[in-house]
Student: 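So that we are looking at the same thing, I have put the structure below in structure tokens.
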Amino acid sequence: MLRMSSLFLRTLRDDPSDAEVASHRLLVRAGYVRRIAAGIYSWLPLGYITLRNIERVIREEMDRAGFQEVHFPALLPKEPYEQTNRWNEYGPELFRLQDRKGGEYLLGPTHEEMFTLMVKGEYSSYKDLPLSLYQIQTKYRDETRPRSGIIRGREFVMKDSYSFDLDDAGLEASYQKHREAYIKTFARLGLKYNIVSAMAGAMGGSKSEEFLAPCDTGEDTYVLCEKCGYAANVEAMVTIVPPGNPDGVPVLEVLNTPNTPTIDSLVAVLNENYGGGYTGADTLKNVMLVADTKAIAVLVPGDREVDLKRLQANLSGVQELRIFEEADFAQYPGLIKGYIGPQDAAQSGIRVLADPRIAPGTSWVTGANQRDRHARFVVNGRDFTPDEYVECAEVRAGDLCPTCSEPIVMDRAIEIAHIFQLGRKYAQALNLSVLDQNGKSQIVTMGSYGIGVSRAVAAIAEQTHDAIGLSWPVEIAPAKVHIVATGKEDNPFNVAEELANNLEKSGITVLLDDRRDASPGVKFKDAELIGIPVIVVVGKALEFGNVEVRVRRSGEKSEVSVADASTFISNVLIANS
RNA sequence: CGGGGCGUAGCGUAGUGGCUAGCGCGCCUGCUUUGGGAGCAGGAGACCGGGAGUUCGAAUCUCCCCGCCCCGACCA
């Protein structure tokens with residue numbers, strides 16, 4: 001039993017000045033966490049209990065699925081990470097340090113190497129597979145900008161699992177098993193989420209999905225089709241390719257379009273001088289970028305911007321992308337800013353990437369590569385040919401769903417889990433192989449499955465808080481019942497004490513506010529701020545032999561007799577789980 | 001790393017060259033109070049982020065450094 005009289009807790013009346021998002025603000029005010037440095041937090045008793053409750057739920061579901069828990073150090077030697085080249089690839093985000101002898105170490109940002117080597121050390125036969133191992137460990141990433149309190153820290157707790165299989169079918173099965181275990185886990189954690197298709201990203205691998213918990217303060221934007229349920233990270237959103245019909249399109253015509261360096265100014269001139277009905281969507285924007293020192297041209301419809309994140313996510317092997325600057329234009333005198341078209345790209349040797357909307361056979365108005373000139377009836381496949389199609393135009397609410405063609409909506413969310421099929425990248429690099437039925441050596445294929453554990457505390461706080469405080473789901477609340485004793489007589493305190501004991505005996509955890517010196521107002525405010533799901537007030541109603549039972553989330557209040565209180569409360573808890 | 005904001009007691013803050021750095025919350029003592037962040041009285045707590053400088057005099061002005069927050073870039 002937790003007692004307010006002795007609990008290591010000081011709630012704050014004012015919002016801390018360095019906290020912006022609700023989860024951060026409330027977790028600090030309610031005395032769950034304290035900031036130590038940017039993106040680094042300490043957990044106080046209430047917060048630590050909550051964090052461990054989340055760990056417990058995750059652990060139970062992982063174990064139930066047959067995965068086995070192991071534990072690795074956070075402090076790791078660099079050698080395995082050199083073998084996979086991540087000592088270099090991970091860049092400045094990796095916390096690196098030296099021991100007294102000058103040996104180089106890192107604080108693990110993720111543990112693929114360790115898991116792979118652990119399995120390699122023990123197993124060497126296909127008969128040992130499939131295998132899934134997991135750990136719950138503190139991870140370290142020197143984020144360029146930690147933000148939003150607990151949501152993006154430099155030190156955080158993560159559950160990561162890895163599956164090991166002989167072949168693709170096995171990997172798919174392990175992947176589905178994890179996916180199902182995650183669905184059960186998040187249901188128990190009381191999180192609302194969407195499973196969206198995602199990019200495998202720099203980790204390599206193929207299939208990848210994210211579990212995104214919708215909330216305004218989330219960092220990820222995703223699209224959702226309310227009709228068919230299609231959901232995708234904006235980076236992974238697939239565009240419907242429009243039909244192209246080049247038949248009957250007149251030959252390319254160069255137009256005189258003075259002072260039209262922008263799409264808006266171009267559309268105005270087109271409508272004035274060259275027939276009406278033109279919109280930005282009829283024009284083709286030729287955006288010049290530099291991809292790792294090489295100039296590239298990117299084609300998108302004139303009414304859309306290039307989404308650099310999407311482009312980068314869909315371009316393999318490009319580390320750095322930036323837009324053209326004056327100095328870059330100076331190196332390509334053939335490129336006239338505001339009047340660029342893809343027609344001459346082949347001879348200039350610049351690689352041309354096109355958004356799928358710029359489909360073969362479609363006809364566009366675009367730059368004529370001469371100052372104050374544009375060209376119309378520019379047909380893809382006839383007048384220019386992109387080197388490659390890549391998803392790169394910005395995604396908008398109302399764009400059409402790739403599976404059912406209904407308009408999609410967009411929302412923000414916190415990424416609470418990411419699962420993907422890693423494939424053989426790490427097994428290959430570290431030579432994890434087993435003998436198959438024919439005695440032949442086979443590289444193992446792996447899956448990787450992470451849950452942000454400390455982040456889940458914040459995500460749940462974000463989704464469940466209200467104007468007056470936190471409001472935890474029953475399963476993870478630091479206690480299930482918060483009993484407030486009021487008044488100056490001994491009686492309410494004795495009754496509260498007895499009720500608390502009864503509940504604890506039946507396995508219901510209690511936070512008892514047994515402070516004799518705090519006013520009722522203070523106790524109520526604290527209870528609401530702390531956010532335990534059921535608040536029981538032992539005070540005035542005792543006159544009639546009753547206590548008051550309040551449901552934190554709904555605000556619903558009932559009076560029940562002291563004798564019936566335990567039973568009533570456990571029913572309320574069940575009803576609210 | 002670019003842009004913006006900020007650093008004064010545990011928390012929130014006032015104080016733009018001049019007495020002993022002010023207030024609220026919290027904390028301690030006493031009395032009163034006990035159903036919505038109580039009242040009165042007394043008290044403790046601040047190398048004003050750090051360093052250097054300007055000045056008779058610096059929380060306040062100048063320079064450098066450090067740290068924190070927000071937007072962007074970045075981010076299994």
Side-chain angles (χ1 to χ4, degrees), chain A residues 9-21 24-25 28-29 31 34-40 84 86 89-94 108-113 139 141-149 151-154 156 158 160-162 198-205 208-210 217 219-220 233 235 308-309 312-313 319-323 415 417-423 425-426 446-452 455 468-469 484-490 492-493 513 515-529 535 537-543 547-548 550 557:
Chain A
L9 170 73
R10 192 105 303 158
T11 57
L12 305 177
R13 194 180 294 218
D14 300 310
D15 284 337
S17 64
D18 62 355
E20 196 102 339
V21 301
H24 187 198
R25 225 178 55 232
V28 171
R29 269 194 64 202
R34 291 287 182 259
R35 193 183 62 75
I36 295 301
I40 302 178
T84 56
R86 290 165 100 200
E89 260 176 20
Y90 225 98
E93 200 169 316
L94 200 58
T110 167
H111 283 76
E112 281 82 359
E113 284 81 353
K139 310 272 176 173
R141 292 181 198 172
D142 193 358
E143 296 281 351
T144 44
R145 181 152 94 84
R147 69 177 89 184
S148 310
I151 296 174
R152 175 173 293 279
R154 294 190 293 173
F156 55 97
M158 174 178 257
D160 51 335
S161 311
Y162 299 87
M199 305 301 298
M203 299 303 301
S208 166
E209 289 171 297
E210 290 169 339
T217 49
E219 301 178 281
D220 287 41
N233 194 303
E235 292 163 15
L308 289 178
K309 275 187 177 179
Q312 180 133 29
Q319 298 292 321
E320 196 199 344
L321 263 185
R322 62 175 177 84
I323 53 176
E415 179 186 345
H418 196 166
I419 57 177
F420 52 98
Q421 301 189 359
L422 265 186
K425 174 176 172 176
Y426 292 92
M446 294 168 57
S448 162
Y449 318 91
I451 295 178
R455 176 180 283 185
I468 55 176
V484 175
T486 65
K488 54 184 171 184
E489 309 301 327
D490 288 341
F493 288 85
D513 197 340
R515 291 176 293 180
R516 301 298 285 246
D517 53 355
S519 71
V522 168
K523 293 179 180 181
F524 295 150
K525 292 285 186 204
D526 275 347
E528 284 147 2
L529 179 60
I535 298 167
V537 182
V538 183
K540 284 241 162 114
L542 269 187
E543 203 179 320
V547 297
E548 186 181 321
R550 303 178 182 177
K557 297 180 186 181

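Below, chain A is the first sequence line, B the second, and so on; all start at residue 1. A quick note: this is a predicted structure, and the numbers were derived from the prediction, not measured.
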Student: Once you apply the 3.5 Å cut-off to both distances, tell me the Watson-Crick or G-U wobble partner of U54(B), or none.
Tutor: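 Base partner found: none.
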Student: Whole angstroms only, please: what is the CG-P distance between Asp18(A) and C68(B)?
Tutor: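 Answer to the nearest Å: 10 Å.
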Student: Select base, sugar-phosphate, or nothing to describe what Thr486(A) touches, counting heavy atoms under 4.0 Å on all strands.
Tutor: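 Here Thr486(A) touches the bases of the nucleic acid.
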Student: What's the closest nucleotide to the side chain of Gln312(A) if the choices are C74(B), C27(B), G36(B)?
Tutor: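 Given the options C74(B), C27(B), G36(B), the side chain of Gln312(A) is closest to C74(B).
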Student: In the structure shown, which nucleotide is the Watson-Crick or G-U wobble counterpart of U20(B), with both distances under 3.5 Å?
Tutor: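 In the structure as shown, U20(B) has no Watson-Crick or wobble partner.
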Student: Atom CD of Glu235(A) and atom C1' of A73(B): how far apart are they, to the nearest Å?
Tutor: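 Rounded to whole Å, this separation is 14 Å.
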Student: Which of the following nucleotides, A76(B), C70(B), C75(B), is nearest to the side chain of Glu415(A)?
Tutor: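 Taking heavy atoms from C-beta onward, the closest nucleotide is A76(B).
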Student: Could you identify the nucleotide paired to U34(B), looking across every strand shown and requiring Watson-Crick or G-U wobble geometry with both distances under 3.5 Å?
Tutor: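 Per the H-bond distance test, none.
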Student: With heavy atoms under 4.0 Å as the rule, sort Glu528(A) into base, sugar-phosphate or nothing.
Tutor: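 Base, at least one base heavy atom under 4.0 Å.
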Student: If you go through the side-chain atoms of Thr110(A), does one of them form a donor-acceptor pair with the base of A76(B) closer than 3.5 Å?
Tutor: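 Answer is yes: a donor-acceptor pair is held.
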Student: Should G2(B) form a Watson-Crick or G-U wobble pair with both distances under 3.5 Å, which nucleotide is its partner?
Tutor: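 With both distances under 3.5 Å, G2(B) matches C71(B).
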Student: To the nearest angstrom, how far is Ile40(A) atom CD1 from C68(B) atom C1'?
Tutor: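 Atom-to-atom, Ile40(A) to C68(B), this comes out as 13 Å.
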Student: Choosing from G35(B), G12(B), C74(B), which nucleotide comes nearest the side chain of Arg147(A)?
Tutor: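 The answer is C74(B), which lies nearest to the side chain.
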Student: Nearest-Å distance, NZ (Lys523(A)) to P (G36(B))?
Tutor: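 To the nearest whole Å, that distance equals 13 Å.
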Student: Hey, what do you get for CZ (Arg154(A)) to CD (Glu143(A)), rounding to the nearest 0.5 Å?
Tutor: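 So the CZ of Arg154(A) and the CD of Glu143(A) are separated by 9.5 Å.
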Student: Tell me what Arg322(A) touches on the nucleic acid: a base, only sugar-phosphate, or nothing, going by heavy atoms under 4.0 Å.
Tutor: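 If one applies the 4.0 Å heavy-atom cut-off, Arg322(A) turns out to touch nothing in the nucleic acid.
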Student: Just compare C75(B), G36(B), C70(B) and give me whichever is closest to any side-chain atom of Arg152(A).
Tutor: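 My answer, after comparing the listed nucleotides, is C75(B).
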Student: Consider the side chain of His418(A), meaning its heavy atoms from C-beta on, and name the nucleotide among C11(B), A76(B), A73(B) that approaches it most closely.
Tutor: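 Side chain of His418(A) sits closest to A76(B).
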Student: Rounded to whole angstrom units, what separation is found between the CZ atom of Arg515(A) and the P atom of C27(B)?
Tutor: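 Spelled out: CZ on Arg515(A) to P on C27(B) is 9 Å.
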Student: What distance, rounded to whole Å, do you find between the two C1' atoms, one in U33(B) and one in A41(B)?
Tutor: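 These two C1' atoms come out 15 Å apart once rounded.
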Student: Return the nearest nucleotide to the side chain of Leu12(A); candidates are C68(B), C11(B), C27(B).
Tutor: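 Out of C68(B), C11(B), C27(B), the nucleotide with an atom closest to Leu12(A)'s side chain is C11(B).
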Student: Which value, in whole Å, describes the distance between the P atoms of nucleotides G12(B) and C70(B)?
Tutor: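 Their P atoms lie roughly 14 Å apart.
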Student: Quick one: label Lys139(A) by what it contacts on the DNA or RNA (base, sugar-phosphate, nothing), any heavy atom closer than 4.0 Å.
Tutor: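 Since no nucleic acid heavy atom lies under 4.0 Å of Lys139(A), the category is nothing.
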Student: Checking contacts here: which listed nucleotide (G35(B), A76(B), C27(B)) is nearest the side-chain heavy atoms of Val537(A)?
Tutor: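 So the side chain of Val537(A) is nearest to G35(B).
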Student: Could you tell me whether Arg455(A) sits above the aromatic face of Phe156(A), with NZ or CZ closer than 6.0 angstrom to the six-membered ring centre and within 45 degrees of the axis?
Tutor: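 The answer is no; the distance or angle limit is not met.
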Student: Enter the distance from His418(A):NE2 to Ile451(A):CD1 here, rounded to the nearest 0.5 Å.
Tutor: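 Between atom NE2 of His418(A) and atom CD1 of Ile451(A) there are 13.0 Å.
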Student: Sticking with atom C1', work out how far U8(B) lies from U13(B), rounded to a whole angstrom.
Tutor: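 Nearest-Å result for U8(B) against U13(B) at atom C1': 9 Å.
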Student: Want to settle it: does Tyr449(A) or Ala541(A) sit nearer the 5' end of RNA chain B, counting the closest nucleotide to each?
Tutor: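 First, find each residue's nearest nucleotide; the 5'-ward one identifies Ala541(A).
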Student: Which part of the nucleic acid, if any, lies within contact of Ala19(A), taking any heavy atom under 4.0 Å across all strands shown: a base, the sugar-phosphate backbone alone, or nothing?
Tutor: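 Nothing: the residue Ala19(A), judged by heavy atoms under 4.0 Å, touches no strand.
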Student: Counting heavy atoms from C-beta on, name the nucleotide in C70(B), G35(B), C69(B) closest to the side chain of Arg35(A).
Tutor: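 Of all the options, the side chain of Arg35(A) is nearest to C69(B).
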Student: As a test of reading the structure: which of G35(B), A76(B), C27(B) is closest to the side chain of Phe420(A), going by heavy atoms?
Tutor: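 Looking only at side-chain atoms, Phe420(A) lies closest to A76(B).
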Student: If I take atom CZ in residue Arg550(A) and atom P in nucleotide G36(B), what distance separates them, rounded to the nearest angstrom?
Tutor: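 Going from CZ in Arg550(A) over to P in G36(B) covers 10 Å.
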Student: Taking side chain as C-beta onward, heavy atoms only, is Ile468(A) less than 4.5 Å from Phe524(A)?
Tutor: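 The answer is no; the side chains never approach within 4.5 Å.
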Student: Side chain of Lys488(A): nearest nucleotide among A38(B), C74(B), U34(B)?
Tutor: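 Looking only at heavy atoms from C-beta outward on Lys488(A), the closest nucleotide is U34(B).
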Student: Distance between the C1' atoms of G2(B) and G18(B), in whole angstroms?
Tutor: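 These two C1' atoms come out 41 Å apart once rounded.
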Student: Just verifying a value: how many Å separate Asp513(A) CG and Asp526(A) CG, rounded to the nearest 0.5 Å?
Tutor: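 The distance works out to 7.0 Å.
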Student: Given the rule in the side chain to side chain donor-acceptor pair (under 3.5 Å) test, do Ser148(A) and His24(A) qualify, once you have shown the distances and angles that lead to the verdict?
Tutor: CA-CA 7 Å; Ser148(A) 310; His24(A) 187 198; over 6 Å; no
Student: Taking the nucleotide of RNA chain B with the closest heavy atom to each, which residue, Lys540(A) or Ala37(A), is nearer the 5' end?
Tutor: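 By nearest-heavy-atom nucleotide position, the 5'-most residue is Lys540(A).
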Student: Could you give the distance separating G49(B) and U60(B) at their P atoms, to the nearest angstrom?
Tutor: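 Looking at atom P only, U60(B) and G49(B) are 8 Å apart.
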Student: Minimum heavy-atom separation for His111(A) to Lys139(A), with atom names?
Tutor: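 Looks like ND1-NZ, 2.6 Å.
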Student: Report which part of the nucleic acid Val484(A) touches: base, sugar-phosphate, or nothing (heavy-atom distance under 4.0 Å, all strands).
Tutor: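 Answer is nothing: Val484(A) stays at 4.0 Å or more from every strand.
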Student: Between C74(B) and G36(B), how far is it from one C1' atom to the other, in whole Å?
Tutor: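 Straight-line distance between the two C1' atoms is 47 Å.
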Student: Answer with base, sugar-phosphate or nothing: what part of the nucleic acid does Glu548(A) contact at a heavy-atom distance below 4.0 Å?
Tutor: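 Base, at least one base heavy atom under 4.0 Å.
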Student: Both distances under 3.5 Å, Watson-Crick or G-U wobble: report the partner of A46(B), or none.
Tutor: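 Partner of A46(B): none.
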Student: What residue among Glu113(A), Glu112(A), Glu89(A) forms side chain to side chain donor-acceptor pair (under 3.5 Å) with Thr84(A)?
Tutor: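 Answer to the side chain to side chain donor-acceptor pair (under 3.5 Å) test with Thr84(A) among Glu113(A), Glu112(A), Glu89(A): Glu113(A).
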Student: For atom C1', what is the distance between G53(B) and G17(B), given to the nearest Å?
Tutor: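 Going atom to atom, C1' in each nucleotide, I get 16 Å.
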Student: Does U60(B) have a Watson-Crick or wobble partner in any strand here, with both distances under 3.5 angstrom, and which is it?
Tutor: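 Per the H-bond distance test, none.
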Student: In whole angstrom, give the distance that lies between atom CZ of Arg145(A) and atom P of G3(B).
Tutor: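 Computing the Arg145(A):CZ to G3(B):P distance gives 15 Å.
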Student: Is A41(B) paired to anything, Watson-Crick or G-U wobble with both distances less than 3.5 Å, and if yes, which nucleotide?
Tutor: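 Checking every strand shown, A41(B) finds its partner in U29(B), with both distances under 3.5 Å.
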Student: Just to be sure I understand the rule, does Asp526(A) reach a base, reach only the sugar-phosphate, or reach nothing, if contact means heavy atoms closer than 4.0 Å?
Tutor: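 The answer is base, as Asp526(A) lies within the cut-off (heavy atoms under 4.0 Å) of a base atom.
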Student: Across all strands shown, which nucleotide pairs with G7(B) by Watson-Crick or G-U wobble geometry, both distances under 3.5 Å?
Tutor: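 Here G7(B) is engaged in a pair, and the nucleotide opposite it is C66(B).
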Student: Can you check the Met158(A) CE to C75(B) C1' distance for me, whole Å?
Tutor: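 Answer to the nearest Å: 12 Å.
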Student: When you compare G10(B) with C47(B), how far apart are their P atoms, in angstrom units rounded to a whole number?
Tutor: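 Going atom to atom, P in each nucleotide, I get 7 Å.
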Student: Minimum heavy-atom separation for Lys540(A) to Thr486(A), with atom names?
Tutor: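 Answer, listing the atom of Lys540(A) first, then Thr486(A): N-OG1, 4.4 Å.
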Student: OP1, OP2 of C74(B) versus side-chain N and O of Thr144(A): anything below 4.0 Å?
Tutor: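 For Thr144(A), the contact criterion (side-chain N or O under 4.0 Å from OP1 or OP2 of C74(B)) is not met.
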